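Take a look at the structure set out below.
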2 protein chains.
Amino acid sequence: MKIIERKRALSQLHQDSKIEERRGHILGTALNLFTRSGYFNTSVHDIQRRAEVSIGSIYHHFKNKEGIAKALYDDLLVRMEGEMVKIMGEQKTCHDRCREVVSFLFAMTENEPDTMEFVVHARHREFLPDEKPICSSRPFTLMLEMVQEGIREGDIVGVNSVVAATAIFGGPLRMIHLRLEGMLEQPLPSYLSEVWQCAWHGVSSMGYMRPKEWS
Amino acid sequence: MKIIERKRALSQLHQDSKIEERRGHILGTALNLFTRSGYFNTSVHDIQRRAEVSIGSIYHHFKNKEGIAKALYDDLLVRMEGEMVKIMGEQKTCHDRCREVVSFLFAMTENEPDTMEFVVHARHREFLPDEKPICSSRPFTLMLEMVQEGIREGDIVGVNSVVAATAIFGGPLRMIHLRLEGMLEQPLPSYLSEVWQCAWHGVSSMGYMRPKEWS
DNA sequence: ATTACAAGAACGAACGTTCGTTCTAATAAA
DNA sequence: TTTATTAGAACGAACGTTCGTTCTTGTAAT
C-alpha cells in the first residue's frame, strides 16, 4: 500500500517535473524573445518555433499570449519579494538592507539579464493592462518600508520617504538600465562601492567625511 | 512684380502653416494615443478616427506608422537638446546647471506629461529599431558632459563620471516615473528642493552640513 | 472677369498579410 | 478504456498600407 502510494507519488512527481520542465521551457523561450524583441514584436508562432513545441502545447499550458507574460511577471514578483524578505531578515539596519538590495539587483542583472530586463524595462501596462504599476508591487513597497524605517530610526534625513527611496535606489536603477543597454563595459558589481556611496551619502543623516577620492 | 511675389510668398506661407497645423494635429493625437495605450496598442485607424482625418491624409504626411513615431521622437530630441544648450549657456557651475536641468524636467513633466512620458517611458527600440538608445542621444550626453566638467573642476567627488551622472539624475528621473504613473499627489516642482539636495549631496565634494530637517 | 488647367492635399474602400486563437486528430500515459 | 498532452491545419479579425479618386486652391489664358 505504502509502496504503491510512494510509487504513485514518485511517478506523479516525475510527471509534474516533466510538465513543469516543458512549461518552464516555454516560459524561458518567451522571456528571451520578449526581452530581445519586445512583447508585441514576438508572436506566439515565434515562441512555438524557437521552443520547438507545438501551438497546441503552448495553449494547453497557458490561457493565451498574455497568460505567458503574466506567468513570467508573477514568478518574478514572487522571487523578488522572497529576496527582499530574506534581506530584511538577514540585515538589521536600513543602510545594510538597502545596500544589500542594490547588491542583489546588480548581481541579478549580470546573472539573469533577460529577467532583469523584464523587471525594469518592459512596459507591463501595455500588455498586462490589469496589473498595477510595478512600483506599487510588494518588492518595491518593501524597499520603501526599509527606507521609512531608516527615517524613523534617524539613519536617514527627514525627507519625504518617497523622495528618500528614489534618491537611494534611483541611481542604482539607472545603472542597471545602462548596463542592460550595453553602455557599461564593466559588470555592475564592480561599480557597487561607488554607486552605493553616492546613493547613501545623498540621504544619510550622519556627519559627512568623504575622502577626496575613493579607490 | 514685387507685389506679386510677395503675394505668392504670403499665400505660400499661409498654405505651409495650414499644412503644418494638420501635420501637428496628427502628431499630437498620435502622441496622446501612444502614451495612453502604447505604440502597439494604437492602430493607424485609431489615430485617423481620433484626429478626424483620413487614412490617406496620414499617409500623405508621413511615410508610415513608424514615421509618425520617428517624427515625434526627433522633434523631442531637438527640443531637449535646445533646452540643455540654453541651460549650459545660462548657468555657469555644474551644480547650477544640473539643478536647472532637473527643474526643467520636472516642469515639463507637469506641463506636457504626454511628451515626457514619451521620453522616459516608451521603449523606443521596440518600434524605432534603428534608433540608438536614448541615453546616448545628444541631450543625455550633454547632461553627462555637465557632470564631467563638475568632476574636472572639483565640484563633484572623483568617481566614474557615469556613476556620478546616474547618482545625480537617477533619483529625479525616478520621481518623474512615479509622477507619470500617478503615484505622487503633489506636482513635481514642490519636491524639487528635497530631491535636489539628496541628489547633490550624494556627489558633492564640499563639506557636509545638512540640517536635521528641511522645510 | 471668366474659364481652363495644374498641383497636391484629402479621402476611404480594398488588399494582402499576420496575428492570436480554436479545433480536430493523433499519441502517450494511467 | 479513459484521460492528459501534443500536434499543426484552419480560421476570422485586425492590421498597416496602397491606390484610384475627389476636392481645394492657386495660376495662366482668354
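Quick note on labels: first sequence line is chain A, next is B, and so on, each numbered from 1. Quick caveat: nothing in here was measured; it's all calculated off a predicted structure.
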Legend entry - Contact pattern, 5' to 3', of nucleotides 11-27 of chain C - B, S or - by protein heavy atom under 4.0 Å: BB------SBBB-----
Inset, instruction - Locate the shortest heavy-atom distance separating A/Arg99 from A/Ser193; write the atom from each residue and the value. - result: NH2-CA, 4.2 Å
Inset, instruction - For residues B/Pro172 and B/Phe106, report the shortest heavy-atom separation together with the two atoms involved. - result: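 Closest approach of B/Pro172 to B/Phe106, heavy atoms only: O-CE1, 3.6 Å.
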Legend entry - Close residues, residues 30-37 of chain B, relative to DNA chain C [heavy-atom separation under 4.0 Å]: none
Inset, instruction - Taking only the side-chain nitrogens and oxygens of B/His60, find out if one of them lies under 4.0 Å from OP1 or OP2 of C/dA10. - result: no
Inset, instruction - For a side chain to side chain contact (heavy atoms under 4.5 Å, CB included) with A/Val101, tell me which candidate from A/Met84, A/Met80, A/Gln91, A/Glu83 qualifies. - result: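 Passing option: A/Met84.
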Legend entry - Evaluation steps, side chain to side chain donor-acceptor pair (under 3.5 Å), between B/His201 and B/Trp196: CA-CA 8 Å; B/His201 276 123; B/Trp196 176 251; over 6 Å; no
Inset, instruction - Give the C-alpha distance, both sets of side-chain angles, the deciding distance and a yes or no for side chain to side chain donor-acceptor pair (under 3.5 Å) between A/Asn32 and A/Thr29. - result: CA-CA 5 Å; A/Asn32 188 259; A/Thr29 308; over 6 Å; no
Legend entry - Interatomic distance, A/Ile26 CD1 vs D/dT6 P [rounded to whole Å]: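 The answer, rounded to whole Å, is 8 Å.
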Inset, instruction - Check the side chains of B/Asn41 and B/Arg36 for a donor-acceptor pair under 3.5 angstrom, ignoring hydrogens and angles. - result: no
Legend entry - Non-neighbouring partners of A/His124 that pass ring-ring contact (aromatic ring centres under 6.0 Å, His included), sequence neighbours left out: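 ring-ring contact (aromatic ring centres under 6.0 Å, His included) list for A/His124, sorted by chain: A/Tyr73, A/Phe118.
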Legend entry - Cation-pi, A/Tyr39 ring and A/Lys65 (6.0 angstrom, 45 degrees): yes
